[in-house]
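Step one of this worksheet: look at the structure below.
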Amino acid sequence: MARASSILLLSTVIIAFLASAVVSDPDPLQDFCVADLTASPGVNGFPCRNASSVTVEDFIYREMVNPANITAMNRAGAVFGTVLRFPGINTLGLSMARLDLLPEGIIAPHTHPRATEMVYVEEGSVYAAIVTADNRLFAQVLTRGEVMVIPRGLIHWQMNVGRNNAKIIAALNSQLAGTQFVGRSMFGSSPQVPDEVLEKTFFIDNTTINQVRSVFA
């Protein structure tokens, strides 16, 4: 009898473990949680606004209609649809971005520490690339209608290799994915990364370090 009880208990534990392993995010307890951006965010997002104050405009985002502002340095720019600009996506685990690139423009190497990304090329020809943790490069020229997935946290970039402007729509599985540019992080941080670290990492001299830093000043 004791042996049978032990087997039953063990079976129950195994079933519970397997069930927990396949269950995804818990079902929401309410229809929506439009962000109260006047409050501080918590682990799962911003607190919910009072539902009675929510309107249809909270579920619509219009900033991606117009092209992004293009920076002179990279000849590219982005419009982000994160929870900070689109309160209706609060707690839903997704966001979007529009990327615009002039010919030879580049969205410089960067990572999203909190999200996997999918990029859809709507216009132009784009050289899209990923570098993995074991330094493998996966790269391809994408054209209109093609999609690339970028696993969470990996360094990646997109560069316009066509003669015309390029446009990309990106979807991310975080409402606030974070974007960390490799160059800006190393040469534009505050306080500055010590010269010795940059010299030993990139095999460059102090003159070059100051030149690169001036770009991010």
TODO: Using a cut-off of 6.0 Å, state whether more than 12 heavy atoms not belonging to N50 lie near its atom CG.
DONE: yes

Open item on the list: When you group the ILVMFWY residues by side-chain heavy-atom contacts below 4.5 Å and let the links chain together, are V182 and V197 in the same group?
Closed with: no

Open item on the list: Would you say that M96 contacts M64 through its side chain, given a criterion of any heavy-atom pair below 4.5 Å between the two side chains?
Closed with: yes

Open item on the list: To the closest 0.5 Å, what do you measure between CZ (F32) and CD (Q30)?
Closed with: 8.0 Å

- [ ] Step by step, work out the salt bridge (Lys or Arg N to Asp or Glu O under 4.0 Å) result for E104 and R75.
- [x] CA-CA 7 Å; E104 301 182 2; R75 296 177 59 82; 5.3 Å; no

Open item on the list: Go through it in stages, so that I can follow the logic: the residues are M73 and V215, the test is side chain to side chain contact (heavy atoms under 4.5 Å, CB included), and I'd like the CA-CA distance, side-chain angles, deciding distance and then a yes or no.
Closed with: CA-CA 8 Å; M73 181 170 62; V215 174; 2.8 Å; yes

- [ ] Name all residues meeting the salt bridge (Lys or Arg N to Asp or Glu O under 4.0 Å) criterion together with E146; count only those two or more places apart in sequence or in a different chain, and write none if there are none.
- [x] none

- [ ] Could you tell me the separation between the CG atom of L37 and the CG atom of L84, rounded to the nearest 0.5 Å?
- [x] 7.0 Å

Open item on the list: For the CG atom of N210 and the CG atom of D195, what is their distance to the nearest 0.5 Å?
Closed with: 6.5 Å

- [ ] Would you confirm whether S95, through its side chain, and S174, through its main-chain N or O, come within 3.5 Å as a donor-acceptor pair?
- [x] yes

TODO: Give a yes or no on whether the backbone of G105 and the side-chain of N160 come within a donor-acceptor separation of less than 3.5 Å.
DONE: no

TODO: Provide the closest heavy-atom pair for P109 versus I155 in the form atom of the first, atom of the second, distance.
DONE: CB-CG2, 4.0 Å

Open item on the list: Which residue is it: N206, D205, T208? I am looking for the one with a side-chain contact (heavy atoms from CB on, under 4.5 Å) to E199.
Closed with: N206

- [ ] Kindly give the heavy-atom pair with the smallest separation between Q175 and F46, and that separation in Å.
- [x] NE2-N, 4.4 Å

Task: For I89 against G81, the heavy-atom pair lying closest together - done: CD1-O, 3.6 Å

- [ ] Test side chain to side chain contact (heavy atoms under 4.5 Å, CB included) on D100 and N165 and set out the steps.
- [x] CA-CA 7 Å; D100 289 281; N165 293 355; over 6 Å; no

- [ ] Report the distance from atom CZ of F216 to atom OG of S185, rounding to the nearest 0.5 Å.
- [x] 9.0 Å

Open item on the list: Aromatic contact between F202 and F187, with the criterion being ring centroids under 6.0 Å apart: yes or no?
Closed with: yes

Open item on the list: Check whether R98 reaches the backbone of K167 with its side chain - one donor and one acceptor, N or O, closer than 3.5 Å.
Closed with: no

Task: Co-membership, hydrophobic cluster, residues Y61 and L94, 4.5 Å side-chain - done: no

Task: Straight-line distance of L102 CG to N74 CG, nearest 0.5 Å - done: 11.0 Å

Task: CD1 on I60 to CZ on F86, rounded to 0.5 Å - done: 8.0 Å

Open item on the list: Assigning hydrophobic clusters by single linkage (Ile, Leu, Val, Met, Phe, Trp, Tyr; side-chain heavy-atom cutoff under 4.5 Å), is I150 placed with L99?
Closed with: yes

- [ ] Begin from the C-alpha positions of E117 and H156 and carry the test side chain to side chain contact (heavy atoms under 4.5 Å, CB included) through to its verdict.
- [x] CA-CA 10 Å; E117 178 181 11; H156 60 283; 2.9 Å; yes

Task: Shortest non-hydrogen contact from G77 toward A68 - done: C-CB, 3.4 Å

- [ ] For the pair R49 and D58, evaluate side chain to side chain contact (heavy atoms under 4.5 Å, CB included) and give the outcome as yes or no after the intermediate values.
- [x] CA-CA 11 Å; R49 272 184 22 213; D58 291 305; 3.0 Å; yes

Open item on the list: With clusters defined by side-chain heavy atoms of hydrophobic residues (ILVMFWY) lying less than 4.5 Å apart, directly or transitively, does V161 cluster with I106?
Closed with: yes

TODO: Classify the ring geometry between W157 and Y127 as parallel (under 30°), tilted (30 to 60°) or perpendicular (over 60°).
DONE: tilted

- [ ] Check whether V126 and M159 end up in the same hydrophobic cluster, where Ile, Leu, Val, Met, Phe, Trp and Tyr are linked by side-chain heavy atoms less than 4.5 Å apart.
- [x] no

Open item on the list: Would the distance check show the side chain of R144 and the main-chain N or O of E122 forming a donor-acceptor pair, the cut-off being under 3.5 Å?
Closed with: yes

Task: Taking every non-hydrogen atom, the tightest pair across I130 and P151 - done: CD1-CD, 4.1 Å

Open item on the list: Testing the 3.5 Å rule here: is there a donor-acceptor pair between the side chains of H112 and T179?
Closed with: yes

- [ ] Grab the two heavy atoms, one from P47 and one from C33, that are nearest each other, plus how far apart they are.
- [x] C-SG, 4.3 Å

